[in-house]
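Inspection log for the structure reproduced underneath, given as structure tokens.
Everything quoted here is computed from the prediction, not taken from an experiment.
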Amino acid sequence: MEIPAVEGPEAGGGEPSPRPRLTRTRLVLDNGHRVGVSIAGRGVPLVVVHGYSAEGFLYAQSLSRLVGLGFQVVAIDTAGHGGTQGLPAMGADLSAYVDILGQTVDALGIRHAVLAGHSMGGRMVADLAAQRPERTIGVLLLDAIVGDTWDRMTTGMRVAPAVFIPYAAALIIDSISPLHFLRSPRQAAKVARLAGPTVAGHFRHPGRLAGPALSILRSGKSAEGLDRLAEAEVPVFVVQGTLDFVVPMATARDTVRRVDGQLIEVHRGGHSWLLKDPETLPAIVEQLLVGALGRARDARLRAEGVDPDVGTLAEIEQACYDPGAAALDLAPALPDATDSGRRRRPGYRFSLRFD
């Protein structure tokens, strides 16, 4: 199915209802590690992990819209990013970052969740889901650094680490593309405001991104974790920009074949398309809920004794969270309406195959 790209006008009429805002907080894990978390909404947990050099709150616009689809959105800053302290010895490899992510999910009392990750975050949620498939409803890989093509790329970077420099430059160029500023100055200004604290933090601590970068280079192949996801039959949805030159389309196709997943192409989207248009990701997720992702969610609820058609919010949360879960205590109160009265259509066309 293909969804048309429209820059406007806004659909609907009247004054917009308030969107849910994310609450930012910092958890202290049992081992003393401080972790930054942003939370909004109530319902089935949707754990979101950002890309390299970003932080969870940078995706606030898309995340607040996802709340209207029945999710509690939980964006977790990875080690050395946002509100999360770095790892000692710059982190051995990405598994150390995944371990902190898993501890954070447990500390929040999240028992069953949909996991979503962008770029580096995609590799992290894929590995976490492979470790605990029985707790994973589904996985959304957003231009993720997984797949055979990516594994070959990192092998080359290990042999010649200097190659990582132009790769990082391409990532920055994609994020601040001049075409984006010309196409949607208002959205570009919003992203700039959200990114301000992130950029300031990098200037204050210029070395903190070295650890995550080295962890990417030190990490083993992603194939093992993807094979475990396939063996466990975890639903995997690979969302990829067709003009992503940082993580090429070939690596997305590799991943889909390996996990028997579903490919969603974001037409003319670069690596950071989900920052440039906050409407496209929620529109994609809404369509996936009609198909395999919705079936996986409903199957999990039924396995926990909840009828997804008539279950109350309290029953759904009881199925997905531990008793007294911190995630529920930290969630801000929802506004009277969780969706805007005036909605824009997605800024990118996307296509997906319904199974």
Side-chain angles (χ1 to χ4, degrees), residues 25-39 45-56 73-142 144-146 150-151 154 158 205 207-229 231-232 234 236 259 320-322 325-327 330:
T25 188
R26 183 175 287 186
L27 299 178
V28 179
L29 304 181
D30 290 341
N31 62 4
H33 204 95
R34 298 185 302 277
V35 178
V37 178
S38 301
I39 297 180
L46 172 60
V47 175
V48 180
V49 184
H50 59 82
Y52 174 76
S53 79
E55 61 179 286
V73 176
V74 181
I76 299 174
D77 295 341
T78 62
H81 294 78
T84 302
Q85 71 183 90
L87 293 172
M90 304 178 78
D93 58 36
L94 211 56
S95 64
Y97 293 78
V98 175
D99 183 58
I100 292 294
L101 174 62
Q103 290 182 51
T104 304
V105 170
D106 294 341
L108 288 167
I110 296 172
R111 192 162 68 249
H112 301 289
V114 176
L115 304 180
H118 177 219
S119 192
M120 180 184 78
R123 170 64 188 269
M124 293 177 64
V125 299
D127 286 355
L128 182 65
Q131 294 173 11
R132 45 178 76 176
E134 73 287 350
R135 296 174 55 181
T136 304
I137 296 171
V139 181
L140 295 171
L141 301 178
L142 312 173
I145 57 171
V146 294
W150 175 261
D151 289 343
T154 52
R158 283 196 294 272
H205 308 286
R208 71 178 184 177
L209 292 180
L214 288 174
S215 75
I216 293 172
L217 298 180
R218 291 169 175 166
S219 297
K221 295 184 181 298
S222 62
E224 181 180 349
L226 295 176
D227 288 344
R228 289 202 300 270
L229 289 179
E231 182 179 354
V234 175
V236 178
V259 301
C320 294
Y321 300 85
D322 294 331
L330 292 170

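- Between the CD1 atom in I145 and the OG1 atom in T154 there is a gap of 8.0 Å [rounded to 0.5 Å].
- The 12-atom threshold is not exceeded at CG of D30, counting heavy atoms of other residues, nucleotides or ligands nearer than 6.0 Å.
- Of all heavy-atom pairs between S119 and G51, the closest is CB-CA, 4.0 Å.
- Residues V139 and A129 come closest through the heavy atom pair CG2-CB, 3.6 Å.
- With a 4.5 Å cut-off on side-chain heavy atoms, L128 and L115 count as touching.
- A search for side chain to side chain donor-acceptor pair (under 3.5 Å) contacts involving E134 returns nothing, not counting sequence neighbours.
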Stepwise side-chain contact (heavy atoms from CB on, under 4.5 Å) check, V48 with V74: CA-CA 6 Å; V48 180; V74 181; over 6 Å; no

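- For residues 117-127, the pairs satisfying salt bridge (charged side-chain N to carboxylate O under 4.0 Å, His left out) are R123-D127, with sequence neighbours left out.
- No side-chain donor-acceptor contact under 3.5 Å links R218 to the backbone of D93.
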Using the side-chain contact (heavy atoms from CB on, under 4.5 Å) rule, take V37 and D77 through it: C-alpha gap first, then chi angles, then the decisive distance, then the call. CA-CA 6 Å; V37 178; D77 295 341; over 6 Å; no

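- Heavy atoms only, all atoms of each residue included: A107 and L29 are closest at CB-CD2, 3.9 Å.
- For D106, the salt bridge (Lys or Arg N to Asp or Glu O under 4.0 Å) criterion is met by R132, R135, not counting sequence neighbours.
- Taking all atoms of both residues into account, the shortest heavy-atom contact from A144 to L141 is CB-CB, 3.8 Å.
- When atom types are taken as modelled, the side chain of H50 and the backbone of T78 share a donor-acceptor pair closer than 3.5 angstrom.
- Between Y97 and P212, the shortest heavy-atom distance links the atoms OH-N, 3.2 Å.
- With sequence neighbours excluded, the residues satisfying side chain to side chain donor-acceptor pair (under 3.5 Å) with S222 are D151.
- Under a 3.5 Å cut-off, the side chain of S219 and the backbone N or O of L94 do form a donor-acceptor pair.
- The two residues L87 and A79 come nearest to each other via the heavy atoms CG-CB, 3.7 Å.
- Residues forming a side-chain contact (heavy atoms from CB on, under 4.5 Å) with R34 (at least two apart in sequence, or on another chain): R26, V28, Q85.
- Between T84 and H81, the side chains place no donor N or O within less than 3.5 Å of an acceptor N or O (distance only, hydrogens not considered).
- The side-chain contact (heavy atoms from CB on, under 4.5 Å) test applied to E231 returns no partner, not counting sequence neighbours.
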